[in-house]
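A short write-up of the structure that comes next.
In each ligand, atom 1 is the first atom listed, and ligand 1 is the first ligand listed. Residue numbers run from 1 in the order of the sequence given.
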Amino acid sequence: MAEYVIYETVAVLQINNPPLNVLSHHVRRQLMSGLQQALQDTAVRSIVIMGKGQIFTAGADVKEFGTEKALSDPSLPTLVEAVAASNKPVVTAFHGTTLGGGVALALASHYRLAASSVKIGLPEVEIGIVPTCGVSQRLPRLVGLQTAVQMIVSAQTMSAQQALTTGLLDKVVSGDLLSEAVGFAKSVEVQALADRRVGSRAVPGADTAEDVLDAARKRLVRRSRGAIAPLTCLQAIQASLLPFETGMKREAELGQYLWTSWQTGALRYAFLAERTVKRWYLPGNKTVNYRTAEPLVINSVGVLGAGTMGVGITICLLQAGLKVVLIEANKTQLDKAVTLIQRSLGGRSHSKQLSHQAMQLRATTDYRQLGEVDLVIEAVFEDLALKRKVFQQLDSVTKPQAILATNTSGLDIDKIASATQRPDKVIGTHFFSPANVMRLLENIYGRHTSPETIATAMQLGATIGKVGVLVGNCPGFVGNRMKGLNFTEAMFLLEEGAEPQDVDKVLEEFGFAMGPFRVSDLAGGDVHWRRRIQAGLTTEQGPPPNTPLLYRQGNRYCPLADMLCMQGRFGQKTGAGWYRYESGSRAALPDAVVHRLILKHRQDNGLQRRNISSQEIVERCLYPLINEGFRILEEGLAAGPQDIDVIFLLGFGWPRHTGGPMYYADKVVGLGILLRCLEKYRALHPRSAHWVPSSLLQTMATQGTSLTAWAAGSRL
Ligand code: NAD
């Protein structure tokens, strides 16, 4: 609801709809009636709009999206325009986080003031829509095009101080917001309103407008990679150069265009999927779930192995305020890691001026220091025998109730757990690199992992700002198991006629930040080469004895990646991989050496070159991965398609505007088309098992069932 109170000549309308003060229909109705009452009351000379509780308002009520209520009178646009039309000065006073519709109300007001801790943001573009209710028209008039672009198109949040500097705010207050706002409102009661109406102003710096918009457009074309919302938002901003009423019409048209686009649906799905996966459960036993299992309290964590992952994991644990004991076998590596961690946390190494977070770190080579920790995350080399040995040691040095987690990228959790006397307390916590940046935490339960251990790992993810996704135990788990197929097919495309840059370009146009060959060069080709050697697919000298070059372990095999690694071409770190890199540069340059290697490989093995279309590249690289996602659901290794989609959105840079692999298959490609495509490629490539359609997909496609509908029915 919204409360109406009079302070002498000032009417104060306070939004009171906890916890986020969203502008639901009943709130809008009361705000409108308060506004009308204040306008009619001759004793009232000014009006303050503010919020009670934690924040001013988080904006429109997402639960009303697409329902009658969103349009019921007064709709948000009607309320905003009533504020703008007021003939008594309206002051919006905000605090906490102010988003979307709250910004619209503020921009329509005649004055804006805010608490010094305020954060102001327009996240609409992230769910694929234009900020409407006049935001795209008033904001550029108030703060200029450049800042408006930053806020609307890049969804950058602003602090109170920044908002004051840009002119969005008239005043920042540090005292009591209500009394300051009432005092401010009184002080402007006699001021003329004409030039306080943002809609009647001209956009400042209109003479350089085209340059600003051109530069933004060029940046966006490069960055948005197929997402339509950012460029559409830019068009709306551009319309602010037109007369206000014309611009408002254009804003409404563009808003409608995006609102009805499939990308908005995908982005809203992605937004909700991140929340859905928190409601975890075991697909095979739904009684074990987020409601029935209680997490243990974790105050201190041990991290074992201070390499790339150990360092990143330690940083995010410390940033969350946890105590960390970091163990590393190699003293030189340990010292290097400590310096990196301190630097990242803002403290200076070898000085007493460490940040508070850095002071929570104890770094040592002595395992016995792990005696008191509540949980350990192991991040030593990816070697099962080593991990089993290390878990045995951890079992003996840690307290009996401590949880032992492994950061393995794909080794069998049960085999690691069986090295301990507490398999119920062993779990996989798979971080993604760089671990202090990537938001995904893939948590893997083994056969004996207890509900309490699962709940603790999921809770730990939330504590350190990650999105935890619970999955079952299988080689590569969900993410790496599916992702591997993408690279396999990308290499087959090279044998059939494509060049690495052709494949990368098409997948980058699809929306990935980097195509598979650039990713391989960045991560280091040797990492996967070592895994293929361990899996017996190849050796350091070439194919294992008596093995055909193009066929391994029952499937078609492309040896090109192995051939590059045998030449020491591991990617960026060696200056050459699928591409070449000039010294000090990360720019991937097509390499004649790779071109000749592929050509010779084709000639030596009688492989015919043909032209490969962009569509085939997308289908070949993405559909096997999606098919594997269906197999994962069929095998009960993920609770639902949302879990798989979140893994790909947050862990593998899958373009968010397509919703994730499973959503894309369901809503964009269509399951019937996907099935026919898999069958076509299966006939053409019978020696690749990944083209065999999963039975779940076959059933759904034949019955015309939607994956989203199927998932909605099974989710807790
Ligand atoms: P890394 O080689 O950078 O670091 C491993 C560290 O463990 C080294 O510093 C090593 O000295 C130390 N170590 C080895 N044996 C030890 C022992 N017995 N006791 C204490 N320390 C020991 O490796 P990384 O890239 O950080 O990977 C670590 C784990 O994380 C692996 O299981 C890997 O598969 C997994 N992982 C890696 C990535 C990635 O992108 N690098 C991503 C996800 C998961």
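Distances from atom 36 (N) of ligand 1 to the heavy atoms of Ala379, Ala306, Ser409, Gly312 show the closest one on Ser409. With Ile313, Asn407, Val380 as candidates, the residue nearest to atom 28 (C) of ligand 1 on a non-hydrogen basis is Val380.
In the displayed structure, Lys573 atom NZ is contacted under 6.0 Å by more than 12 heavy atoms of other residues, nucleotides or ligands.
For the pair Arg279 and Tyr281, the cation does not sit on the ring face, since its NZ or CZ is not both under 6.0 Å from the ring centre and inside 45° of the axis.
Below 4.0 Å from some heavy atom of Val390 lie the following atoms of ligand 1, by number and element: 18 (N). Of all atoms in ligand 1, numbered sequentially from 1 with element shown, those under 4.0 Å from a heavy atom of Lys387 are 31 (C), 32 (O).
Checking only distances, Tyr367 does come within under 3.5 Å of ligand 1, N or O to N or O. Taking distance alone, with nitrogen or oxygen atoms compared against 3.5 Å, Thr308 approaches ligand 1 more closely than that limit. By the 3.5 Å distance cut-off applied to N or O atoms, Met309 is counted among the residues near ligand 1. Polar contact check, Glu328 against ligand 1: a nitrogen or oxygen pair lies under 3.5 Å apart. Checked by distance only, ligand 1 and Phe431 stay at 3.5 Å or farther apart across all their nitrogen or oxygen atoms.
Note on Arg362 versus Glu372: no salt bridge recorded, every NZ/NE/NH1/NH2 to OD/OE distance being 4.0 Å or above. Salt bridge present: Glu274 and Arg439 bring a charged side-chain N and a carboxylate O closer than 4.0 Å.
At least one protein heavy atom sits closer than 4.0 Å to atom 19 (N) of ligand 1.
The protein heavy atom nearest to atom 4 (O) of ligand 1 is Gly307 CA, 3.2 Å. Atom 40 (O) of ligand 1 has as its closest protein heavy atom Ser433 CB, 3.3 Å. The nearest protein atom to atom 14 (C) of ligand 1, hydrogens excluded, is given as Phe381 CE1, 3.5 Å; this is a heavy-atom distance. Nearest protein neighbour of atom 21 (N) of ligand 1, counting heavy atoms only, is Ala329 N, 3.2 Å.
Scored by the ring pair (Phe, Tyr, Trp, His ring centres under 6.0 Å) test, Phe432 finds His430, Phe652 as partners (sequence neighbours excluded).
Put simply, the residue from Val426, Ile327, Leu404 that forms a side chain to side chain contact (heavy atoms under 4.5 Å, CB included) with Leu394 is Leu404.
Between Tyr664 and Phe648, the distance separating the two ring centers is not shorter than 6.0 angstrom.
For the residue pair Thr364 and Gln369, no side-chain donor N or O sits within less than 3.5 Å of a side-chain acceptor on the partner. Counting only N and O atoms by type, the side chains of Tyr269 and Asp666 include no donor and acceptor under 3.5 Å apart.
Judged by distance alone, the side chain of Arg422 and the main-chain N or O of Ala402 form a donor-acceptor pair under 3.5 Å.
A 4.5 Å side-chain heavy-atom check between Asp374 and Leu296 finds every atom pair outside the cut-off.
A heavy-atom separation below 4.0 Å is found between His430 and ligand 1. Proximity of Phe432 to ligand 1 is not established, as no heavy-atom distance is less than 4.0 Å.
Both the backbone and the side chain of Glu382 come within 4.0 Å of ligand 1, judged by heavy-atom distances.
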